[in-house]
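Single-structure report; data block below.
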Amino acid sequence: MQGAEILLQPGVFPRLLQGLWVTVWIAGVSVGLSVPVGLLVGWLMTLRNPLIRILMRIYLDFIRIMPQLALLFIAFYGFAQAWGWNLDATGACVLVFVLWGGAELGDLVRGALESIPKSQYESSYVLGLSPWQTFSRVILPQAVRRLLPASVNLATRIVKTTSLAVLLGVVEVIKVGQQIIDAHRFEFPTATLWIYGVIFFMYFIVCWPLSIVARRLEKRWAHD
Amino acid sequence: MDWAFITHYAPYFVNAGYMTVFISFFGVLLSIVLGLLCAAVEIARIPVLYQIVRAYIELSRNTPLLVQLYFLFFGLPKLGVVWSAETCAIVGLAFLGGSYMSEALRGGLEAVPGVQHESAQVLGFTKAQAFTHIILPQALSTAIPGVVANVIFLVKESSVVSAIALADVMYVTKDLIGMYYDTYESLTLLIITYLVILLPISIVGTLLERRFDYARR
Amino acid sequence: MTEQIIQQAEPTERTELAERTESTGGNVSTGKNLEIRHLVKQYANADKPVLNDITLTVPAGKVTVVLGPSGSGKSTLLRTVAGLEPIQGGEIALDGEVIARGESGGAKSGRQQRSAELRTRVGMVFQSYDLFPNKTVLGNITLAPTIVQKRPKAEAEREALELLGRVGLADRRDAWPHELSGGQRQRVAICRALILHPEIMLFDEVTAALDPEMVREVLDVIVELADQGLTMMIVTHEMAFARAIADRIVLLDGGHIVEQSDDAERFFTDPQSERAKQFLQTFQFKRHE
Amino acid sequence: MTEQIIQQAEPTERTELAERTESTGGNVSTGKNLEIRHLVKQYANADKPVLNDITLTVPAGKVTVVLGPSGSGKSTLLRTVAGLEPIQGGEIALDGEVIARGESGGAKSGRQQRSAELRTRVGMVFQSYDLFPNKTVLGNITLAPTIVQKRPKAEAEREALELLGRVGLADRRDAWPHELSGGQRQRVAICRALILHPEIMLFDEVTAALDPEMVREVLDVIVELADQGLTMMIVTHEMAFARAIADRIVLLDGGHIVEQSDDAERFFTDPQSERAKQFLQTFQFKRHE
Amino acid sequence: ACGPTASTPSEAGDTASANSGNTSATKARSLDEIKKSGKIKVAVFSDKAPFGYVDKDGKYQGYDVYFAEQLAKDLGVTPEYTSVDPAARVDVLTSNKVDLVLANFTVTDERAEKVDFAKPYMKVALGVVSPDSKVIKDVNELKGKTLIIAKGTTAETYFGTNYPDVKLQKYDQYADAYNALLDGRGDAFSTDNTEVLAWAKANKGFTVGITKLGDTDTIAPAVQKGNTELLNFVNDEIVKLGKDNFFHKDYQQTLEPVYGDEVNPDDIVVEGGEL
Ligand SMILES: Nc1ncnc2c1ncn2[C@@H]1O[C@H](COP(=O)(O)OP(=O)(O)OP(=O)(O)O)[C@@H](O)[C@H]1O
Ligand SMILES: Nc1ncnc2c1ncn2[C@@H]1O[C@H](COP(=O)(O)OP(=O)(O)OP(=O)(O)O)[C@@H](O)[C@H]1O
Ligand SMILES: [Mg+2]
Ligand SMILES: [Mg+2]
């Protein structure tokens with residue numbers, strides 16, 4: 001089709017891939033850091049302490065109700081002004097995605113821990129297992145199974161949300177696309193169609209396998 | 001905190017809030033319709049349509065709204081299809097939301113136990129009577145939490161329509177930051193506006209869940 | 001609870017219930033036989049029939065108890081009678097009228113095509129609690145009479161309350177199913193079937209998911225219905241109950257009738273076939289010391 | 001299935017199992033009493049005790065069956081013995097050694113502080129299938145002996161396989177819990193407890209959630225253990241089973257012992273108290289025609 | 001140092017410095033600190049050819065970039081570019097994400113309150129470009145029409161205050177704004193006249209109907225408020241470079257290929273910071 005040759009121009013694809021790498025890097029780092037944060041938050045949420053409960057509730061609800069883009073703005077523009085945090089756009093993205101991913105994952109961890117039937121703790125006690133043995137040998141492996149499918153889905157969402165980074169000026173795949181569109185706008189007036197189309201499928205190719213993995217895990221572990 | 005700035009620009013946020021609500025409302029409405037259609041096709045397993053619906057759901061769930069919007073807004077005109085920004089935003093939201101809604105609604109319909117269909121049959125109900133009086137109410141009850149979560153998700157996602165020049169809440173915020181550099185005040189107004197829009201939805205959602213949770217107890 | 005049930009079983013009340021079913025035109029105990037002839041049932045994806053050449057009469061006004069090990073086809077038998085499964089051979093006749101006929105090439109899944117009117121003539125209660133969770137107790141009972149039989153709502157409610165009174169649940173009329181115990185739910189499910197005045201009632205392990213006390217509540221209601229001469233076909237594994245209530249016993253195994261007997265007591269004390277002896281032994285325990 | 005169980009109960013096999021428990025140093029049938037004295041148990045947010053002044057001896061090598069209506073405190077009694085609930089009064093002694101003592105101001109929730117060693121001396125099987133879903137059958141059984149008792153893995157596996165053989169599940173060693181039927185799971189749960197060589201086994205309605213055939217599989221295993229003289233305390237509502245297995249019967253009601261009897265047969269045929277008569281009646285049915 | 005790299009290799013260190021760096025330092029870096037680090041952080045446009053853009057090889061180019069390269073060279077460091085949106089130019093300075101903004105930054109009073117501008121190196125007025133079929137020749141023709149602009153530009157403030165009847169359609173990025181004009185989403189597009197002239201020249205079917213609107217504004221480098229050290233260095237540079245007509249050379253290199261001979265360089269270039 002007319003204009004599609006833009007994709008074959010030297011440098012175009014490699015640069016898009018480089019941009020995609022930035023996207024994947026931000027998402028990867030965010031997901032990686034979300035895991036410890038989420039475990040901590042999840043554990044805190046199972047505690048009975050009323051103060052911790054209220055704090056966690058507020059944290060979770062605020063993060064859930066604010067659009068991610070608004071959170072990004074708050075982190076990028078607001079934190080610098082309010083507390084003098086010197087976050088660049090990439091840092092702001094990672095911070096927001098970790099806070100967000102940590103909250104969502106924390107809630108999943110809490111749900112998974114609370115969904116383990118009481119009888120599992122009781123049989124372990126009767127069999128003589130210590131609290132730590134009970135947690136590490138019996139509870140945690142079960143919690144992880146319940147957790148994993150939803151966590152992989154969450155990772156997909158984080159990858160998708162990385163697209164917002166462009167609105168803070170991060171040079172990731174979309175921004176690179178815009179630069180290419182701009183640089184070729186005289187030779188290839190229809191570049192937008194092709195470049196945005198390619199970016200669309202790039203996201204798809206990153207996210208789709210994750211969705212498939214999540215679905216597989218869900219099916220496989222549906223029985224317990 | 002510059003109160004004069006806040007009182008002066010609050011009306012801008014009210015208007016922007018309307019835009020957010022307008023786009024979200026029609027986006028949500030369309031996604032529910034689209035979701036119902038897809039759920040119906042999936043449950044009935046209508047041959048060709050089924051594959052199409054599955055492909056659509058995968059595409060929609062695994063790509064970001066921002067890219068979908070860029071494609072609709074900047075890409076499609078190159079094929080001669082020029083939609084207004086509002087249309088693009090609503091179509092984009094519906095395209096994204098349709099798949100999420102269909103999964104929630106399908107989950108609801110599939111969660112109705114088989115014995116409910118059988119009881120209805122034995123009691124002499126026709127298929128249509130059973131569906132309206134027995135199956136649908138239960139399916140909706142199961143689906144409500146998912147649907148409400150999706151509504152909130154879509155309203156939040158609508159924040160990216162600022163990228164295609166729709167004057168929503170994010171748009172005004174960025175505008176003010178860019179023009180007057182009163183970052184702090186603008187962000188405060190941003191947070192308040194979203195709370196005003198989303199908190200009621202969240203509360204109504206919780207109430208609905210409570211009211212209609214008979215099928216899950 | 002126990003007292004209440006005992007009270008229910010008192011003569012005066014029984015007479016009343018019997019009167020009701022007559023006065024409201026119910027078809028209870030009017031001598032309508034159910035006849036099953038050479039019935040063959042095969043599931044769609046199975047390589048052999050689960051019911052093979054079953055011939056059986058369920059006499060009117062009597063209680064027929066169907067026994068058999070798990071997987072022997074008891075539920076399937078009840079489901080074909082209720083019209084929930086198409087049959088591949090033989091026929092089922094209610095009061096002389098054929099209500100299901102098998103064609104060897106016929107559908108193997110889906111349901112039988114029966115008119116709504118015919119379906120209301122056969123009542124069924126399932127093992128799983130199948131009340132409509134979106135309706136109150138009263139709503140559950142009155143839904144079918146009002147929208148299927150088009151009876152006036154007031155009349156349906158009056159009869160529903162009467163039935164609820166019989167099963168000891170008059171005060172729960174406005175409760176939601178999830179607020180009821182399992183035993184209460186099953187009693188409501190029985191009322192929901194009875195209000196349509198079925199000619200025959202089918203019970204498929206209605207107490208299998210219940211605590212012992214609740215089992216008692218529900219079975220007492222069924223005993224009472226038996227006393228009034230409602231035609232019933234019951235699948236159960238409560239042997240004491242089966243022994244007490246059965247007029248007729250049918251033992252299924254592997255899709256065949258292994259033994260049937262019009263003398264229920266004799267079946268339990270002196271079974272004729274080897275298989276029946278073996279089956280009954282499952283319910284006896286012995287220490288070896 | 002039935003045949004296999006009958007075979008298990010054959011003399012040769014019984015002797016073998018008895019030998020095993022002795023040879024592997026099990027404490028089965030070595031004359032260790034469980035004594036419960038003036039036990040008081042009150043739940044944290046309750047206004048009165050659910051067990052009030054319970055005094056009871058569970059003789060070594062005998063089967064004590066605890067009966068009683070729902071909510072009478074049967075499960076609670078077993079749970080206090082297992083250490084799952086702290087007690088507020090009285091004491092529990094195993095083989096003369098006090099293993100739980102109540103303080104009136106003591107904790108009302110949480111679990112008792114017991115050493116791992118003490119906990120392995122009391123085995124318990126619950127109504128809910130509580131196998132660890134993340135371990136295979138073998139993994140479930142060998143977990144506690146290897147990590148609690150620090151026994152070599154090979155030895156634990158050998159004994160686990162032996163036990164699995166006894167309950168007829170040798171070929172399911174590598175299955176996952178979700179692949180087993182309810183009856184199979186409960187038999188594995190019994191093995192999991194037995195491998196620790198408990199001095200006493202507690203069974204809390206272990207067949208309540210099972211289909212009749214599976215009930216049989218599980219109860220047959222318990223009958224066999226009884227034949228070997230394992231000290232057991234059993235809560236059940238299978239009356240035929242209770243009658244067959246019990247050496248001793250305890251009837252609880254409202255947190256009190258209403259009747260106890262060392263002559264189980266007599267309890268069933270000629271109960272002494274009014275309450276016991278009433279209770280037993282719940283399990284009998286009568287037609288009134 | 002493990003940050004990701006996109007098309008712009010020079011940005012490689014960015015994330016590292018932001019994440020690991022002294023997070024509380026919103027205070028600008030001194031000249032010494034910049035020299036010691038060997039890098040000066042400069043905010044430029046990446047999609048506003050021919051002033052600041054990324055070429056087909058992924059390298060920053062343009063009039064602003066040409067100047068930045070010279071500044072860095074004279075300072076003895078290498079430039080490290082950050083791509084900015086027009087609206088973000090003040091914030092990147094106040095939050096010390098860059099040392100210097102060289103992104104076609106028009107001097108205005110509001111901006112001067114937040115940042116310190118150096119001497120100008122360019123002058124502009126606003127221009128309006130519209131399709132040949134319906135050329136807008138007078139600003140009054142815009143009433144009730146839709147005018148595309150990029151957020152945070154002088155055009156936004158100018159039309160916002162002086163012509164409230166003009167419907168503004170605002171985009172985050174220039175690339176988006178141009179595309180919107182190409183797709184007919186607005187009646188015209190306004191931004192610095194240099195920019196629209198360059199664009200109209202390259203895009204057939206579009207004409208700059210209004211070439212000079214509003215006051216002539218100057219474009220200058222900006223540093224964080226109070227960073228006099230760097231400000232003085234930049235000012236001295238501009239004066240010094242003016243002596244060799246540096247900005248005319250810059251013009252020849254970057255703008256002339258686009259503008260051709262239609263534009264008189266002296267209408268745009270400011271030498272030595274003197275209008
Ligand atoms: N929908 C179905 N499709 C295929 N096979 C079925 C279906 N329902 C039941 N079967 C099979 O038919 C046989 C008889 O099943 P049925 O449920 O009638 O037995 P049952 O006697 O009621 O057993 P139970 O006592 O366990 O309820 C079984 O082997 C079962 O696996
Ligand atoms: N964790 C708890 N907290 C408070 N009360 C409890 C708790 N567990 C049980 N109870 C109450 O204690 C009483 C005895 O309960 P328990 O479970 O011991 O009865 P049970 O005899 O085992 O009954 P069932 O036959 O139904 O199992 C009941 O009234 C019950 O509601
Ligand atoms: Mg069945
Ligand atoms: Mg209990």
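Each chain gets a letter, A, B and so on, in the order the sequences are listed, and its residues count up from 1. Treat the numbers as computed from the prediction; the structure is a model and nothing was measured.
No more than 12 heavy-atom neighbours from other residues, nucleotides or ligands sit within 6.0 angstrom of NZ on K62(C). Summarising the local packing, CZ of R172(C) is surrounded by more than 12 heavy atoms from other residues, nucleotides or ligands at distances under 6.0 Å. Surrounding CZ of F13(B) are more than 12 heavy atoms belonging to other residues, nucleotides or ligands, all under 6.0 Å away.
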- Message: Let's go through F125(B) and L143(C) carefully: what are the C-alpha distance in whole Å and the side-chain angles of both, what is the deciding distance for side-chain contact (heavy atoms from CB on, under 4.5 Å) to 0.1 Å, and is it a yes or a no?
- Response: CA-CA 9 Å; F125(B) 290 88; L143(C) 191 64; 3.6 Å; yes

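In this structure, E118(B) and R79(C) have side chains that are in contact, with non-hydrogen atoms separated by less than 4.5 Å. Inter-residue side-chain proximity for V122(B) and L84(C) is flagged as met; some heavy-atom pair is nearer than 4.5 Å. Inter-residue side-chain proximity for S119(B) and R192(C) is flagged as met; some heavy-atom pair is nearer than 4.5 Å. With a 4.5 Å cut-off on side-chain heavy atoms, L123(B) and R119(C) do not count as touching.
Proximity of a side-chain donor or acceptor of N134(C) to a complementary backbone N or O of S141(B) within less than 3.5 Å is not detected. In this structure, the side chain of Q116(B) engages the main chain of L131(C) through a donor-acceptor pair within 3.5 Å.
Contacts of F132(C) with chain B are made by both backbone and side-chain atoms, with heavy-atom separations under 4.5 Å. In this structure, chain B has a heavy atom under 4.5 Å from the side chain of L196(C), while its backbone stays farther away.
Minimum interatomic distance between G124(B) and V148(C) (heavy atoms only, all atoms of both residues): O-CG1, 3.5 Å.
With rounding to the nearest 0.5 angstrom, the CD1 atom of I147(C) is 7.5 Å from the OG1 atom of T126(B).
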